[in-house]
Amino acid sequence: MTPADIQQAKQRFGIIGNAPGLTRAVSRALQIAPTDLSVLITGESGTGKEFFPQIIHTNSHRKHGRYIAVNCGAIPEGTIDSELFGHEKGSFTGALSDRKGYFEEADGGTIFLDEVGELPLTTQARLLRVLESGEFIKVGSSKVQKTNVRIVAATNVNMVKAIGEGKFREDLFYRLNTVPIELPPLRDRVDDILLLFRKFSNDFAEKYRMPAIQLTDDAKEALLSYRWPGNIRQLKNVTEQVSIFETSREVTAEVLLPYLPSYNIEKLPVISGHDNKDGGFQFSNEREMLYQVIFEMRKEVNELKNIVHELLANRTVPNNESLKVYGQDTTTPLSSPNIIHPVIKTYHLNDNSVSDGEIIHSENDYEEEPYTMEDIERETIRKSLERNNGKRKKTAEELKISERTLYRKIKEYNLE
Ligand SMILES: Nc1ncnc2c1ncn2[C@@H]1O[C@H](COP(=O)(O)OP(=O)(O)OP(=O)(O)O)[C@@H](O)[C@H]1O
């Protein structure tokens with residue numbers, strides 16, 4: 001692969017960065033694209049794995065065939081076999097007609113199995129069969145069908161550990177991992193951090209129609225020394241938040257640090273979040289989500305403050321109404337996104353306690369209920385699902401979390 005081929009592929013897919021590990025991964029993807037070999041892309045969450053199956057598909061002889069991306073972690077265990085391999089009418093309650101699965105739909109093309117480590121063992125057995133012989137059987141059928149699909153899979157879990165724990169079949173792992181492509185974490189691509197920041201801040205400047213954020217030297221140093229547990233996805237989120245919330249377009253380290261959770265802890269090499277059950281990245285996803293929740297709350301609080309100011313300005317109070325305030329005590333200064341004291345306050349403005357045009361400040365006029373982080377998280381997810389008509393992909397995008405995390409949270413909070 002020539003450097004020009006690699007550069008062209010990066011440009012075509014909007015891949016920013018010159019780190020040797022990234023360039024090697026692009027070169028490898030281009031090299032193996034014309035073959036039909038299975039590929040396993042590994043790397044921490046948010047490192048850009050999703051670009052690679054697309055590079056492989058568009059540079060293969062299958063490029064005119066279908067490309068189907070499946071997030072295995074986002075599909076409930078009970079329906080995944082039917083989604084992947086199809087089902088026959090009547091094979092289970094709700095199977096009102098025959099359905100083709102992705103492996104039939106993608107015949108002649110490529111399937112990207114994201115979060116492949118999340119597949120249940122029964123589905124892993126079916127997948128192994130397709131990989132070995134191209135054969136599959138629809139749910140509820142006994143007829144063996146054939147398909148010609150190239151499989152590119154990705155995972156951010158430690159597969160060796162998953163095999164050791166009996167959660168992933170070793171034979172399937174070796175079959176998928178015919179060609180491994182590994183993406184380095186952002187902390188090992190330090191030279192790319194400022195390039196990526198510039199790209200994202202320009203993109204958000206265009207999106208929100210405002211001048212791009214510029215960093216002072218100490219802010220650049222803070223970005224470079226941070227460990228980025230959520231990798232490029234986190235850098236993108238931070239850039240978006242800074243672009244939206246900061247009024248000054250020149251950002252110093254002091255302004256930036258509250259956007260970098262556990263800055264001082266993350267800088268320490270010993271605490272890299274590698275020990276939890278998903279290979280360490282679930283924690284960073286959840287933390288990212290909590291920060292997202294806090295920022296959402298700040299926005300809501302600001303909106304409410306504006307309403308209150310308007311009311312004060314007009315000196316009118318709605319009668320017989322309850323005004324529900326979700327989030328922080330509005331008297332708390334909002335200087336740091338790290339400090340939050342969530343409560344629900346319900347204000348009852350009664351006819352008896354107020355005459356027209358009067359503002360009340362009575363302690364007895366509101367009840368204060370404790371509101372836990374779980375409540376806030378559940379409520380935020382519920383509202384976002386509602387806003388997006390139950391569409392999980394859109395909801396996950398809006399909340400800036402992976403579909404896998406969303407799916408887990410939906411189960412955890414019984415939001416189905
Ligand atoms: N090199 C890059 N240049 C520009 N944008 C990037 C780069 N790498 C990642 N991104 C962006 O970062 C975000 C996360 O990338 P992506 O979804 O591919 O991560 P991932 O490794 O698949 O994560 P997960 O394992 O959680 O699914 C996306 O918005 C993607 O466009």
Side-chain angles (χ1 to χ4, degrees), residues 6-7 9-27 29 39-57 67 69-75 112-119 152-159 162 180-204 207 228-241 243 273-274 276 278-289 292 392-394 396-409:
I6 296 169
Q7 200 48 38
K10 284 187 187 170
Q11 252 164 20
R12 177 166 179 197
F13 290 94
I15 300 173
I16 306 295
N18 301 314
L22 175 68
T23 304
R24 217 175 10 252
V26 175
S27 167
V39 182
L40 183 64
I41 302 154
T42 54
E44 294 181 9
S45 182
T47 45
K49 295 187 290 296
E50 280 184 25
F51 290 124
F52 289 81
Q54 295 174 51
I55 297 178
I56 293 167
H57 178 72
Y67 169 81
V70 186
N71 188 335
C72 305
I75 303 174
F112 170 40
L113 297 176
D114 199 4
E115 318 267 12
V116 73
E118 300 290 319
L119 283 180
V152 181
T155 182
N156 58 25
V157 305
N158 181 336
M159 292 300 262
I181 293 184
E182 197 186 341
L183 281 173
L186 186 55
R187 65 182 164 278
D188 293 346
R189 308 190 215 170
V190 176
D191 289 345
D192 290 345
I193 292 177
L194 295 179
L195 286 178
L196 284 158
F197 180 87
R198 203 170 314 135
K199 158 85 168 93
F200 296 145
S201 63
N202 286 333
D203 288 352
F204 292 124
K207 181 172 172 189
W228 298 108
N231 292 293
I232 299 163
R233 180 181 292 117
Q234 186 190 7
L235 174 60
K236 196 170 176 179
N237 291 349
V238 166
T239 315
E240 183 167 25
Q241 287 160 5
S243 303
H274 273 266
N276 71 35
D278 275 358
F281 307 107
Q282 187 178 321
F283 173 62
S284 66
N285 277 346
E286 285 180 13
R287 189 175 44 197
E288 248 184 63
M289 180 166 170
Q292 179 66 23
R392 291 180 182 183
K393 194 167 188 315
K394 284 191 164 174
E397 273 168 19
E398 183 176 282
L399 295 172
K400 297 202 165 55
I401 55 172
S402 70
E403 278 184 66
R404 183 167 56 93
T405 303
L406 177 65
Y407 176 62
R408 202 164 35 78
K409 293 279 167 198

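Just so you know, ligand 1 is whichever comes first in the structure, and atom 1 is the first atom listed for that ligand. The structure presented is a predicted model; accordingly, all values stated were derived computationally and were not measured. Hydrogens, waters and symmetry mates are skipped; everything else that's a heavy atom, side chains included, is used.
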Ligand 1 contact on K236 by region, counting heavy-atom pairs under 4.0 Å: side chain
F52 side chain near L183 side chain, heavy-atom distance below 4.5 Å: yes
Winner among A19, G48, G230, A396 once heavy atoms are compared against atom 15 (O) of ligand 1: G48
V152: which of L113, I181, L40, I56 passes side-chain contact (heavy atoms from CB on, under 4.5 Å): I56
Short N or O distance, F51 and ligand 1, threshold 3.5 Å exclusive: no
Parallel, tilted or perpendicular, as decided by the 30° and 60° cut-offs, for the rings of Y67 and F112: parallel
Working for salt bridge (Lys or Arg N to Asp or Glu O under 4.0 Å), residues E397 and K393: CA-CA 6 Å; E397 273 168 19; K393 194 167 188 315; 3.6 Å; yes
Within-cut-off N or O pair, I15 and ligand 1, under 3.5 Å: no
Distance-only donor-acceptor check, side chains K10 and T23, under 3.5 Å: yes
Residue part near ligand 1, for D192, under 4.0 Å between non-hydrogen atoms: neither
NZ/NE/NH1/NH2 to OD/OE distance under 4.0 Å, E118 and R408: no
Residue part near ligand 1, for N156, under 4.0 Å between non-hydrogen atoms: side chain
Test of proximity, S402 against ligand 1: N or O pairs below 3.5 Å: no
For ligand 1, the portion of F200 having any non-hydrogen atom under 4.0 Å away: side chain
